[in-house]
Visitor: 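My questions all concern the structure below.
Residues take their numbers from the sequence shown, with the count starting at 1.
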Amino acid sequence: MIFDLIATDIYDRFTRIVLYLDDGSCLLFNDLRKFAWMKVAEPGKDNGESYGIEPLTPGFTFDNFKKIIQASNKPIKILLMDQEKIAGLGNIYAAESLFLAKINPLRRAKTLALREIKNLFNSIIQVIEEAIKHHGSSGKDNEYRQIDGTPGEYQKHFLVYQREGAPCRGCSGKIKREKQGGRSTFWCPKCQK
């Protein structure tokens, strides 16, 4: 798809890199919070980066996931967002997965019982599949966009993320927000133990 950079709101103050492709199209690298980075690497060469297993790939097995969880003393949400352990699982999907699994994001990973690890494993798969079905999450900042410029729709299905003070969809409690590892963590203190 060729973007008309003047007629679209995709190219904005958060566009950090524009790659112009041979067919006349371009690839835009937008980053609102400046968390992301880009590195050019030669195909087939080891770029020295270490990434963890990615959900929905053959390497994301319960046994591999269980080993990662049981070997860490980090808070579970921080561990889930560690790209060297589990690649591609960010703040939104970690919060949503922990809510589905009924696990407090502040708990230490190695304190999780086997059934909790299994619930979390299944919840991650469920959340990622649901997010893909709804074309990703644009959230309040509305910065994430599809290749055609339309926003994602998964934010309309958030269970806890960006719902501070709202009623929990699982109980009568209120969704709480606090900082964890420099990021906002959303959770229900009644449902998530």
Visitor: Taking side chain to side chain contact (heavy atoms under 4.5 Å, CB included) as the criterion, tell me which of Lys176, Arg163, Glu164, Arg177 meets it with Trp187.
Guide: Lys176
Visitor: Please answer: with hydrophobic residues joined when any side-chain heavy atoms are less than 4.5 Å apart, are Leu112 and Leu80 in the same cluster?
Guide: yes
Visitor: Are Leu100 and Leu98 co-members of a hydrophobic cluster defined by side-chain heavy atoms under 4.5 Å apart?
Guide: yes
Visitor: Among residues two or more places apart or on two chains, list those pairs meeting ring-ring contact (aromatic ring centres under 6.0 Å, His included) that have a residue in residues 96-130.
Guide: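 Found Phe60-Phe121, Phe62-Phe121, Phe65-Phe121.
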Visitor: What is the minimum heavy-atom distance between Cys191 and Lys102, and which atoms define it?
Guide: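 Looking at all heavy atoms of both residues, the closest pair is O-CB, 3.4 Å.
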Visitor: Under 4.5 Å between side-chain heavy atoms, counting indirect links through other Ile/Leu/Val/Met/Phe/Trp/Tyr residues: same cluster for Leu114 and Ile76 or not?
Guide: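 Looking at the clustering, Ile76 is in the same group as Leu114.
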Visitor: Same cluster for Ile53 and Leu120 if Ile/Leu/Val/Met/Phe/Trp/Tyr side chains link at under 4.5 Å?
Guide: yes
Visitor: Please step through side chain to side chain contact (heavy atoms under 4.5 Å, CB included) for the pair Tyr154 and Val127, ending with a clear verdict.
Guide: CA-CA 10 Å; Tyr154 186 62; Val127 164; 3.7 Å; yes
Visitor: Are Ile103 and Ile117 in one and the same hydrophobic cluster, where Ile, Leu, Val, Met, Phe, Trp and Tyr link if side-chain heavy atoms are under 4.5 Å apart?
Guide: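 Cluster IDs for Ile103 and Ile117 match.
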Visitor: Considering only NZ, NE, NH1 and NH2 on the basic side and carboxylate oxygens on the acidic side, decide whether Glu116 and Arg107 come within less than 4.0 Å.
Guide: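 Salt bridge present between Glu116 and Arg107.
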Visitor: Does the side chain to side chain contact (heavy atoms under 4.5 Å, CB included) test come out yes or no for Thr57 and Glu54, once each step is laid out?
Guide: CA-CA 6 Å; Thr57 64; Glu54 188 172 341; 3.8 Å; yes
Visitor: Do the side-chain N and O atoms of Ser137 and Tyr161 include a donor-acceptor pair separated by under 3.5 angstrom?
Guide: no
Visitor: Would Ile17 and Leu19 satisfy side chain to side chain contact (heavy atoms under 4.5 Å, CB included), going step by step from the backbone distance to the final call?
Guide: CA-CA 6 Å; Ile17 299 171; Leu19 299 175; 3.9 Å; yes
Visitor: Could you go through residues 67-75 and list every donor-acceptor pair under 3.5 Å that involves a side-chain atom there, pairing it with any protein atom two or more places apart or in another chain?
Guide:
from, atom 1, to, atom 2, distance (Å)
Ser72, OG, Lys74, N, 3.0
Lys74, NZ, Asp82, OD2, 2.7

Visitor: Do Leu159 and Ile175 come close enough that some side-chain heavy atom pair is under 4.5 Å?
Guide: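 In short, these two side chains do not touch, never coming nearer than 4.5 Å.
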Visitor: Quick one about Lys77 and Asn91 (side-chain donor to acceptor, distance below 3.5 Å, no hydrogens or angles considered), yes or no?
Guide: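 A pair is found: one side chain offers a donor N or O, the other an acceptor, under 3.5 Å apart.
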Visitor: Is the closest side-chain heavy-atom distance between Cys188 and Cys171 below 4.5 Å?
Guide: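 Yes, at least one pair of side-chain atoms sits under 4.5 Å.
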Visitor: Could you go through Glu96 and Phe158, starting from their C-alpha distance and side-chain angles, then the distance that decides it, and tell me whether this counts as side chain to side chain contact (heavy atoms under 4.5 Å, CB included)?
Guide: CA-CA 7 Å; Glu96 295 291 295; Phe158 286 165; 4.1 Å; yes
Visitor: Please examine the side chains of Ile128 and Tyr93, heavy atoms only from C-beta on, and report whether any two atoms are closer than 4.5 Å.
Guide: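 They are in side-chain contact.
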